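Given the structure is predicted, the values throughout are model-derived calculations rather than measurements. We name chains A, B, ... by the order of the sequence lines, and we start the count at 1 in each one.
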2 protein chains.
Amino acid sequence: MTSVEEPARPNGRIRDAARTRAEILDVATHEFARAGYDGARVDEIAASTRTTKRMIYYYFGGKEQLFTAVLERAYGVIREAEQSLDVEHLDPVAAIRRLAELTFDHHEQHPDFIRLVSIENIHGAEHIAASEKLGKIGSPALDVIRRILESGQKSGLFTADVDAVDLHAMISSYCFFRVANRHTFGALFGRDLVAPARREHYRTMLGDMVIAYLTAERATD
Amino acid sequence: MTSVEEPARPNGRIRDAARTRAEILDVATHEFARAGYDGARVDEIAASTRTTKRMIYYYFGGKEQLFTAVLERAYGVIREAEQSLDVEHLDPVAAIRRLAELTFDHHEQHPDFIRLVSIENIHGAEHIAASEKLGKIGSPALDVIRRILESGQKSGLFTADVDAVDLHAMISSYCFFRVANRHTFGALFGRDLVAPARREHYRTMLGDMVIAYLTAERATD
DNA sequence: TCGCTAATGTACGAACTAGTACGTTAGCTA
DNA sequence: TAGCTAACGTACTAGTTCGTACATTAGCGA
């Protein structure tokens, strides 16, 4: 019990603005994702921190701005992941499948992010609207899709008449639903959509679906 | 302003248990869907009602049970809609497309329901678990899908190796995402997924996607 | 090393919020 | 028509929750 790990601090007080800010963000992310915006308690967030509630208001201004900051960081993470996307060397079919699988993986690995997005939608995306960063964050994935799609459509491989945004929506919806709605779906239909044993099955299914859609022979009426 | 519509009531007090209960449920549905479980205020719900807060506790017992009752009724509505599903006379391809379109329409027409499901997922589907009704509500849609799928697979028309639950998840995810995530998606990508002008486009896209997936030629490796 | 300020802690309050104690009455039934 | 009870209303409370006023200090720069 008596500390050994602790660095020699005169009073237990350490000053590290960046660390304190980051720690608040970490804890707040979990708490907001766990309980929703209104369900989250700033006292609770503060208590799970090395510091006090005062610091939340000092660094972020209030609960609302804290949530916005949480969102900004969470979106920043996917943006980074998307930027490391490297599929342009593949043929269009393989590239799209790979992109879909990366989206699938990212959703699965970041359930907190999915919950935050659900929560933000309940609140009409008002925090995104209020954020300067999030408005112009863009989407590297969208650019990648655009290029793959163009290449595939030009070569005649892709017959579907979709643009990048709609295809992105299609892929996202599948990945998002699986994580976001796993509780109600599981409770109602008795199937765990995120069971590890079914993971590969659903990952393949997504790729099959998207490729089938893009390459299907269409009636020329 | 001075009432003319009002029926002659001695004191403004009318007794109608069923009506009062139903009105509370209506208002609560809106309020919960609007603000989330924790964001909703039972005082607010009561105020939007002809009656008082006391009645909410009289009829439902508490906020938690009220939310459960709201969910039960909302799920009851889709269940009814699904029961009127009549596609068995169509060939498998047309039947699946019709089913997908009905799902699409239902999601679009009941945004409050979609929000309630999102909210319930944030809370780990604990209210569904606590409800006796919801556990065994079943899904007529699932039975329909099962039959269509069997028929299509037997005839060799459908090549995909899916079961009804997974196909239902696929269709639902598309329909759900479009409505549930329209705010963040719109804010981030500048595209309104529920714009009336794009409605037909997305409806067709869903059918194309599902049919393409089910009927695609698959590598036999 | 001295002082200044960014960073931190404590204690508190005003407003809100779920829930309840208690009282009232409409309208059915015997 | 008398009385009983389901249905309803009022007023209140205990506990919570966001936010802040005020006090303190670590540690950097002059």
Side-chain angles (χ1 to χ4, degrees), chain A residues 6-32 34-71 119 123 126-127 130, chain B residues 6-32 34-71 119 123 126-127 130:
Chain A
E6 310 285 88
R9 304 168 299 170
N11 194 8
R13 208 150 155 183
I14 296 175
R15 307 178 93 113
D16 189 339
R19 202 195 115 121
T20 302
R21 229 191 95 104
E23 192 187 354
I24 292 172
L25 271 182
D26 281 342
V27 174
T29 298
H30 272 97
E31 179 68 3
F32 278 126
R34 188 186 64 77
Y37 177 77
D38 291 288
R41 302 291 165 227
V42 348
D43 282 293
E44 194 65 33
I45 293 170
S48 302
T49 292
R50 191 179 37 80
T51 186
T52 66
K53 182 166 57 156
R54 179 70 184 76
M55 290 298 98
I56 292 175
Y57 289 90
Y58 183 69
Y59 283 113
F60 299 96
K63 189 181 182 182
E64 206 96 27
Q65 295 102 305
L66 175 60
F67 184 73
T68 303
V70 164
L71 270 186
I119 292 160
H123 293 88
E126 61 182 16
H127 303 95
Chain B
E6 311 284 89
R9 304 166 298 168
N11 194 9
R13 211 149 154 181
I14 295 175
R15 308 178 92 115
D16 188 339
R19 200 195 116 123
T20 301
R21 230 191 94 103
E23 192 188 354
I24 292 172
L25 271 183
D26 281 343
V27 174
T29 298
H30 272 97
E31 179 68 1
F32 279 125
R34 187 185 64 76
Y37 177 78
D38 290 289
R41 301 292 165 223
V42 348
D43 282 292
E44 195 64 34
I45 293 170
S48 303
T49 291
R50 193 178 37 81
T51 185
T52 66
K53 181 164 58 155
R54 179 70 185 77
M55 289 299 98
I56 292 176
Y57 290 89
Y58 182 70
Y59 283 113
F60 298 96
K63 188 182 182 181
E64 206 96 26
Q65 295 102 305
L66 175 60
F67 184 74
T68 303
V70 163
L71 269 186
I119 292 161
H123 297 278
E126 61 181 16
H127 302 95

Engineer: Go through it in stages, so that I can follow the logic: the residues are Leu66(A) and Tyr57(A), the test is side chain to side chain contact (heavy atoms under 4.5 Å, CB included), and I'd like the CA-CA distance, side-chain angles, deciding distance and then a yes or no.
Structural biologist: CA-CA 9 Å; Leu66(A) 175 60; Tyr57(A) 289 90; over 6 Å; no

Engineer: What are the residues of residues 51-63 of chain A, sorted by number, that bring a heavy atom to within less than 4.0 Å of DNA chain C?
Structural biologist: Thr51(A), Thr52(A), Arg54(A), Met55(A), Tyr58(A), Tyr59(A)

Engineer: Please name all residues satisfying side-chain contact (heavy atoms from CB on, under 4.5 Å) with Ala40(A), sequence neighbours left out, ordered by chain then number.
Structural biologist: Glu31(A), Phe32(A)

Engineer: Just jot down the side chain to side chain donor-acceptor pair (under 3.5 Å) partners of Tyr58(B), sequence neighbours excluded, or say none.
Structural biologist: none

Engineer: Considering only side-chain heavy atoms of Val42(A), which listed nucleotide, dC18(D), dA26(C), dT25(D), is closest?
Structural biologist: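 The closest nucleotide is dC18(D).
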
Engineer: Quick one: CD1 on Ile24(B) to CD1 on Ile45(B), what's the gap to the nearest 0.5 Å?
Structural biologist: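 So the gap between those two atoms works out to 9.0 Å.
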
Engineer: Quick one: list whatever passes side chain to side chain donor-acceptor pair (under 3.5 Å) with Tyr37(A), sequence neighbours left out.
Structural biologist: Glu64(A)

Engineer: Looking at Arg15(B), does any N or O in its side chain come under 4.0 Å of the phosphate oxygens OP1/OP2 on dG27(C)?
Structural biologist: no

Engineer: Which pairs pass side-chain hydrogen bond (donor to acceptor under 3.5 Å, both in side chains) with one or both residues in residues 40-52 of chain A, sequence neighbours excluded?
Structural biologist: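 Residue pairs with at least one partner in residues 40-52 of chain A: Thr20(A)-Arg50(A), Glu23(A)-Arg50(A), Asp43(A)-Lys53(A).
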
Engineer: Side chain to side chain donor-acceptor pair (under 3.5 Å) with Asp38(A): which residues, sequence neighbours excluded?
Structural biologist: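 Result, side chain to side chain donor-acceptor pair (under 3.5 Å) vs Asp38(A): His123(A).
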
Engineer: Distances under 3.5 Å between protein N/O atoms and the N/O atoms of nucleotides 28-30 of chain C, please, pair by pair.
Structural biologist:
none

Engineer: Taking atom CD1 of Ile119(B) and atom NE2 of His127(B), what is their separation to the nearest 0.5 Å?
Structural biologist: 10.5 Å

Engineer: OP1 or OP2 of dC16(C) versus the side-chain N and O atoms of Arg41(B): is any pair under 4.0 Å?
Structural biologist: no

Engineer: Hey, does Thr68(A) have a side-chain heavy atom less than 4.5 Å from the side chain of Phe60(A)?
Structural biologist: no

Engineer: How long is the line joining CD of Glu64(B) and P of dT17(C), in whole Å?
Structural biologist: 17 Å

Engineer: Only counting residues at least two apart or in another chain, list the ones meeting side chain to side chain donor-acceptor pair (under 3.5 Å) with Asp26(A).
Structural biologist: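 Applying side chain to side chain donor-acceptor pair (under 3.5 Å) to Asp26(A) gives Arg73(A).
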
Engineer: Can you tell me how far CG of Leu25(B) sits from OH of Tyr59(B), rounded to the nearest 0.5 angstrom?
Structural biologist: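 Here the interatomic distance stands at 11.5 Å.
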
Engineer: Can you sort out which residues in residues 16-30 of chain A have a heavy atom within less than 4.0 Å of DNA chain C? Ascending by number, please.
Structural biologist: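 Per residue number, the list reads Asp16(A), Ala17(A), Thr20(A).
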
Engineer: Could you state the CG-P distance from Asp43(B) to dC16(C), rounded to the nearest angstrom?
Structural biologist: 11 Å

